[in-house]
Amino acid sequence: MPSSTLTDGKKRQQEAADWVARTDSQTLSATEEQHFTAWLKADTRNLGAYVQLKSTYAALNYKNATHAIEPPPPLEKPKPLLERRRFFATACAAGLAGILRPDAIRDNFFSLRYRSKQAPAHYNWHGNHVTVDASSSAYFLLDHTRPLLQVINGRIGLHVQKKPVSVSIGGLRFGSKAANFDLTLHGTNVTLALYSGTLNWHGHDQDLHLHSPSLLTFSNTPSNGPQIIAKQKLTPDNALTQQAWRNGQIILSNTPLQAAVDEFNHYSNIECQIADTALGQHRISGSFSLMKLDDFISAVSQLLDCKVQKSANKVVFYT
């Protein structure tokens with residue numbers, strides 16, 4: 001590895017550690033928030049370094065007790081601290097995938113079916129930024145005076161910052177003049193991750209203003225119609241983790257191996273399987289590129305001390 005690359009990596013890790021310490025011990029001032037945001041945007045790898053160290057501090061109980069967020073209890077016997085430090089130092093860093101320059105969508109009607117297992121695609125749509133996940137499809141059209149996005153399936157990320165838009169998904173309709181959010185359709189339920197700004201939800205018998213940062217789940221059954229069935233506030237850490245997919249990254253924080261494998265299978269033609277249920281419940285932390293399956297496989301085998309069997313189109317984890 002070139003010395004300049006190594007130096008940059010060490011500098012990034014030190015800067016990330018400084019921000020972790022600041023956010024853990026105090027609430028950032030408005031100026032510090034601006035500096036922190038600028039640092040995150042300066043290099044896509046900064047986000048991965050920050051969240052990786054944040055989850056490491058939490059796992060090793062380094063967080064300030066007054067700000068601690070308890071992770072789910074591990075389902076395995078905790079590994080020695082030295083071993084966990086070694087893993088985070090050598091095996092789990094993967095860096096963010098670069099954001100491609102968005103393609104422009106200018107047509108009044110544009111059909112997008114992004115069904116292949118690829119990295120998320122980025123588009124510029126009437127000055128707004130749209131990210132389309134793998135195995136997703138949507139329609140873009142001009143409805144009277146404002147653009148309309150019809151989500152057919154999968155997951156869509158939308159940063160509304162230029163022209164107001166309407167979004168239709170799973171029988172629900174939202175409108176916004178300025179907001180940053182993800183919408184995911186799974187079955188009859190819709191998950192909304194609202195990172196900034198506000199959304200107007202146009203229901204059958206009510207209109208509601210939805211405020212950020214929040215994570216909401218809607219159901220849309222024929223008998224009851226659209227309704228909110230779950231709602232929680234998004235913390236800054238959870239928001240960073242939630243939208244990492246847009247850059248082709250997955251950020252794991254004490255996450256069951258089975259859940260991580262399911263996410264990788266969404267993007268790769270090589271299917272990952274877990275031989276036994278107990279191994280699938282073991283938890284891991286780290287940041288990985290969704291398009292670099294080999295890095296994830298190597299990290300899992302080291303962290304969980306498990307074996308890996310590979311074939312042309314399948315990977316099996318077993319003990």
Side-chain angles (χ1 to χ4, degrees), residues 23 27-38 40-41 47 51 69 99 102 105 120 122-133 136 138-152 154-186 188-220 224-247:
T23 56
T27 301
L28 297 181
S29 66
T31 300
E32 288 174 325
E33 285 280 6
Q34 292 176 355
H35 290 165
F36 179 45
T37 300
L40 288 175
K41 292 181 177 179
L47 170 61
V51 179
I69 301 175
I99 300 178
I105 298 176
H122 303 271
Y123 297 91
N124 185 332
W125 182 47
H126 296 283
N128 302 314
H129 192 89
V130 181
T131 308
V132 184
D133 203 3
S136 302
Y139 295 101
F140 301 82
L141 64 154
L142 195 62
D143 181 18
H144 301 297
T145 59
R146 68 170 54 189
L148 172 64
L149 171 62
Q150 172 69 58
V151 181
I152 306 302
R155 177 165 56 182
I156 302 290
L158 183 57
H159 190 182
V160 181
Q161 51 192 343
K162 293 292 184 179
K163 189 170 184 178
V165 301
S166 294
V167 183
S168 177
I169 179 172
L172 290 87
R173 184 150 180 166
F174 303 96
S176 179
K177 295 181 178 179
N180 187 12
F181 58 94
D182 291 341
L183 284 169
T184 307
L185 179 62
H186 34 81
T188 59
N189 289 351
V190 173
T191 298
L192 165 67
L194 181 56
Y195 307 116
S196 64
T198 59
L199 279 176
N200 296 322
W201 172 36
H202 309 295
H204 289 306
D205 55 357
Q206 59 180 331
D207 287 344
L208 293 179
H209 298 290
L210 307 175
H211 299 276
S212 60
S214 57
L215 182 66
L216 303 96
T217 301
F218 299 81
S219 70
N220 186 25
N224 298 324
Q227 57 182 313
I228 298 175
I229 58 175
K231 181 179 180 179
Q232 67 183 75
K233 185 178 178 63
L234 270 179
T235 66
D237 288 352
N238 288 340
L240 290 174
T241 300
Q242 191 80 27
Q243 60 185 319
W245 71 272
R246 295 184 182 184
N247 298 319

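What you see is a predicted model; the values in this text were computed from it and never measured.
When all heavy atoms of Asp182 and Gln242 are compared, the closest pair comes out as OD2-O, 4.0 Å. Considering every non-hydrogen atom in both Ala179 and Leu194, the closest pair reads CB-CD1, 4.2 Å. The minimum heavy-atom distance between His126 and Lys162, with the atom names listed, is O-CB, 3.5 Å. A pairwise comparison of heavy atoms in Pro147 and Pro164 identifies CD-O, 3.0 Å as the closest pair. Taking each heavy atom of Val151 and Ala138 in turn, the nearest pair found is CA-CB, 4.2 Å. Across every non-hydrogen atom of Gly171 and Pro226, the tightest pair is O-CG, 4.0 Å.
In summary, of the residues considered (Val167, Val160, Ile169), a side chain to side chain contact (heavy atoms under 4.5 Å, CB included) with Leu149 occurs for Val167 alone. With Val190 as the partner, the side chain to side chain contact (heavy atoms under 4.5 Å, CB included) test is satisfied by one option alone out of Thr184, Thr217, Leu183: Leu183.
Within the 3.5 Å criterion, the main-chain N or O of Leu199 finds no donor-acceptor partner in the side chain of Ser176. Listed for the Ser212 side chain is a donor-acceptor partner under 3.5 Å among the backbone atoms of Gly197. Side-chain atoms of Asp133 never come within 3.5 Å of backbone atoms of Ile156 as a donor-acceptor pair (strictly under, hydrogens ignored). Panel note: side chain His129, backbone Asn180; no donor-acceptor pair is recorded below 3.5 Å.
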### Task
Step by step, work out the side-chain contact (heavy atoms from CB on, under 4.5 Å) result for Leu148 and Arg173.
CA-CA 10 Å; Leu148 172 64; Arg173 184 150 180 166; 3.8 Å; yes
### Task
Report the C-alpha separation of Leu234 and Ser214 in whole Å, then their side-chain angles, then the decisive distance to 0.1 Å, and conclude whether the side-chain contact (heavy atoms from CB on, under 4.5 Å) test is met.
CA-CA 5 Å; Leu234 270 179; Ser214 57; 5.8 Å; no
### Phe174 and Leu210: CA distance, side-chain angles, deciding distance, side-chain contact (heavy atoms from CB on, under 4.5 Å) verdict
CA-CA 10 Å; Phe174 303 96; Leu210 307 175; 3.9 Å; yes
### Task
Run the numbers on Leu172 and Leu192 for side-chain contact (heavy atoms from CB on, under 4.5 Å), then give the verdict.
CA-CA 11 Å; Leu172 290 87; Leu192 165 67; over 6 Å; no
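Evaluation of the side chain to side chain donor-acceptor pair (under 3.5 Å) rule for Gln150 yields Ser168 as partners, not counting sequence neighbours. Taking the side chain to side chain donor-acceptor pair (under 3.5 Å) definition, one finds that Thr191 meets it with His186, sequence neighbours left out.
Atom CZ of Phe218 and atom NZ of Lys231 lie 8.5 Å apart (nearest 0.5 Å). Considering CG of Leu240 and CG of Leu40, their distance stands at 6.0 Å, rounded to 0.5 Å. With rounding to the nearest 0.5 Å, the separation of CG in Asn128 from OH in Tyr123 is 16.0 Å. Summarising the geometry, atom CZ belonging to Arg155 is positioned 9.5 Å from atom CZ belonging to Arg246; distances are rounded to the nearest 0.5 Å. Between the OG atom of Ser219 and the CD1 atom of Ile228 there is a distance of 10.0 Å, given to the nearest 0.5 Å.
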